[in-house]
Amino acid sequence: MYSTKWVILLIIAFLGICFSPLIYNVSAPGFELEMPELDEPEGDHCIEDADWMEPNHMDLLLEMRTQTIRDPGGRFYESKTYPGEVYEGTTYQCFECHTSKTDFCDTCHEYNGVSPYCWHCHNTPEVLEEYNR
Amino acid sequence: MINPFLEIVVPYAAFAIFIVGVLYRFVSWANSAVPLKIPTTSGQAGTLPFIKRSFYDRIDSPYNKWEVALRMLAEVFLFRSLFKNTRYYQSRHEHRDTRWLWGFAILFHWSFLIVLIRHLRFFIEPVPEPFIYVTELIALKIWVPTIYITGITSLIGLGYLFLRRLFSGNERTISLPSDYLALILLISVVVTGLVMRYIYKIPLAPVKELALSLIVFQPVAVDVHWLFILHLTLVSITIAYFPFSKMMHAGGVLFSPTRNMPNDNRKRRHVNPLNPPYHGITREEYNEMYKDQLEEIAERDYNFRPEV
């Protein structure tokens, strides 16, 4: 083998890159394979079907936002899964059941490495609770 | 039944083929002899000290290993040799720089690298805060979910590389099925990924659980969406095909003799490793070998006349 030193260096670098997630996971404190359990919401059911809500809640929030600020009388959103049930298009509607952002929203978002920018402007249940107190 | 196979067996098999295949290619390339000194150069080579060399001369005609390393880095990260691409126009009798290929190639490669790095959020746990912050820098916050620019641009880059082969006559003539296969695989991987993010959203938590379980070698057949299984299978096919395909140019560029040799012919002798071993002889051995002739010459008092 020619220029053995460099080839071995290259092979080590290649293996290091390929197995870097494994090395990180083994060495990092607080490694959990499964997602921590979400905080159980208070109400009966969500605005839409819960299985649909898990991947698509951002679409619902976006639609509610658009209706609320663009359509006349659009502050109310009628559920498609549960016809006839009308909800207010505001995050406070969500907070009635999901009483904690840390234990509900953040659990899943942190696990999946997502950082939504909703809360740069909007209130969270925690802020609300502190305000009310 | 099909889920454990596609979620556990196929990715592990593909990853094993990838690692072993790439290492095999590295070792086989490293074992190949380089008979001649063949660096491609386009600059002033290092010579006498009073002949000045600019910075570009140092990159284009490296004289020592640091300049070789600099040129290799520029090649890997900036594709300098593609940047020099020209086309000759016969009607105008002139060369023009044609950098479309360079532009779209660099668009695709950098986007794809950033996409790969950002995928780490599915492979590591806990995800560090700075990592999320840095990867969100390329997010366009005009939509929900945020639009990752690199996902779109990598598709644009791949689309150009693919359509170039279809619609450019020259390219179509020299394109082989394997050229299309690599592009089609990458495009299908990117498209399934984009569909899962923007169009048909799927639950993420099981996906990450599956990815983590695969990474730490405690595989669990999690019930994930079929679109993700499609994505995973396509990725598995791609990385299993990687060492045998032209995608191996990622490692091959480091082994290219035209790129990784310093242009120091005048300073250092390049010995062809294929030459039979050369054994010289000493003065004493020479004297011993030609003893008779030497003595004869000495007898003639070193006087030579041509035999007529």
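Proteins get letters first, then strands, A, B, ... in listed order; numbering begins at 1 in each.
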Asker: Quick one: pull up CG in B:L204 and SG in A:C108 and give me the separation to the nearest 0.5 Å.
Answerer: 7.5 Å

Asker: Can you tell me if NZ on B:K267 sees more than 12 non-hydrogen neighbours from other groups inside 6.0 Å?
Answerer: yes

Asker: Could you tell me whether B:F15 and A:F19 have their ring centroids closer than 6.0 angstrom?
Answerer: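 Aromatic pair counts; centres sit under 6.0 Å.
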
Asker: At a heavy-atom separation under 4.5 Å, does B:I215 approach chain A through its side chain, its backbone, both, or neither?
Answerer: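 Both parts, heavy atoms under 4.5 Å.
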
Asker: Mark yes when over 12 heavy atoms from residues, nucleotides or ligands other than A:H109 sit less than 6.0 Å from its NE2; otherwise mark no.
Answerer: yes

Asker: Below 4.5 Å from any heavy atom of chain B, which atoms of A:E54 appear? Answer side chain, backbone, both or neither.
Answerer: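 Contact with chain B: side chain only.
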
Asker: To check you understand the geometry: which heavy-atom pair defines the closest contact between B:E209 and A:L33, and what is its length?
Answerer: CG-O, 3.8 Å

Asker: To the nearest 0.5 angstrom, please state how far the OG atom of B:S32 sits from the CE atom of A:M1.
Answerer: 11.5 Å

Asker: Between B:W143 and chain A, with a heavy-atom cut-off of 4.5 Å, which part of the residue counts as in contact: side chain, backbone, both or neither?
Answerer: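 Contact with chain A involves both backbone and side-chain atoms of B:W143.
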
Asker: Checking heavy atoms, do the side chain of A:Y24, its backbone, both or neither come under 4.5 Å from chain B?
Answerer: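 Contact with chain B is through the side chain of A:Y24 alone.
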
Asker: Which heavy atom of A:Y111 sits nearest a heavy atom of B:A205, and at what distance?
Answerer: CE2-O, 3.9 Å

Asker: Does any heavy atom of chain A fall under 4.5 Å from the side chain of B:A33, the backbone, both, or neither of them?
Answerer: both

Asker: Can you tell me how far the CD1 atom of A:I17 sits from the CG atom of B:L116, to the nearest 0.5 Å?
Answerer: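 CG of B:L116 is found 11.0 Å from CD1 of A:I17.
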
Asker: Evaluate the side chain to side chain contact (heavy atoms under 4.5 Å, CB included) criterion for residues A:L61 and B:V144: first the C-alpha distance (whole Å), next the side-chain angles of each, then the deciding distance (0.1 Å), finally the verdict.
Answerer: CA-CA 9 Å; A:L61 290 170; B:V144 181; over 6 Å; no

Asker: To the nearest 0.5 Å, how far apart are CD1 in B:I124 and CG in A:L22?
Answerer: 12.5 Å

Asker: Do B:F255 and A:L10 come close enough that some side-chain heavy atom pair is under 4.5 Å?
Answerer: yes

Asker: Give, as side chain, backbone, both or neither, the part of B:T146 having an atom under 4.5 angstrom from any heavy atom of chain A.
Answerer: side chain

Asker: Any side-chain heavy atom of B:V34 sitting closer than 4.5 Å to one from A:Y2?
Answerer: no

Asker: Who among A:D51, A:D59, A:V26 has the most heavy-atom pairs with chain B under 4.5 Å?
Answerer: A:D59

Asker: Please flag which part of A:P29 lies under 4.5 Å from any non-hydrogen atom of chain B: side chain, backbone, both or neither.
Answerer: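 Just the backbone, heavy atoms under 4.5 Å.
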
Asker: Heavy-atom distances under 4.5 Å only: say whether A:S115 touches chain B with side chain, backbone, both or neither.
Answerer: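 Both backbone and side chain.
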
Asker: If I compare all heavy atoms of A:P55 with all of B:P203, which pair ends up nearest, and what's the gap?
Answerer: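 Smallest heavy-atom distance, with atoms named: CB-N, 3.7 Å.
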
Asker: Is any side-chain heavy atom of A:V114 closer than 4.5 Å to one of B:R121?
Answerer: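 Sidechains of A:V114 and B:R121: in contact.
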
Asker: Do A:L15 and B:I19 touch side chain to side chain, with heavy atoms closer than 4.5 Å?
Answerer: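 SC-SC contact between A:L15 and B:I19 confirmed.
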
Asker: Tell me the closest heavy-atom pair linking B:E125 and A:E32, and the distance in Å.
Answerer: CG-O, 3.3 Å

Asker: Counting only non-hydrogen atoms closer than 4.5 Å, does B:F217 touch chain A with its backbone (N, CA, C, O), its side chain (CB onward), both, or neither?
Answerer: side chain

Asker: State, to 0.1 Å, how close A:Y117 and B:I142 come at their nearest heavy-atom pair, and which atoms those are.
Answerer: OH-N, 4.1 Å

Asker: Is it true that atom OH of B:Y200 has more than 12 heavy atoms of other residues, nucleotides or ligands lying nearer than 6.0 Å?
Answerer: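 No, OH of B:Y200 has 12 or fewer neighbouring heavy atoms, counting only those of other groups under 6.0 Å.
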
Asker: Give, as side chain, backbone, both or neither, the part of B:T135 having an atom under 4.5 angstrom from any heavy atom of chain A.
Answerer: neither

Asker: Chain B heavy atoms under 4.5 Å from A:L62: which part of the residue, side chain, backbone, both or neither?
Answerer: side chain

Asker: Report the C-alpha distance between B:V127 and A:E110 in whole Å, list the side-chain angles of each, state the deciding distance to 0.1 Å, and finish with yes or no for side chain to side chain contact (heavy atoms under 4.5 Å, CB included).
Answerer: CA-CA 7 Å; B:V127 189; A:E110 275 172 18; over 6 Å; no

Asker: Check whether any side-chain heavy atom of A:V7 sits under 4.5 Å from a side-chain heavy atom of B:W29, and report yes or no.
Answerer: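 Result no, sub-4.5 Å side-chain heavy-atom pair not found.
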
Asker: Find out whether A:F31 and B:L212 are in side-chain contact, i.e. whether some heavy atom of one side chain is under 4.5 Å from a heavy atom of the other.
Answerer: yes

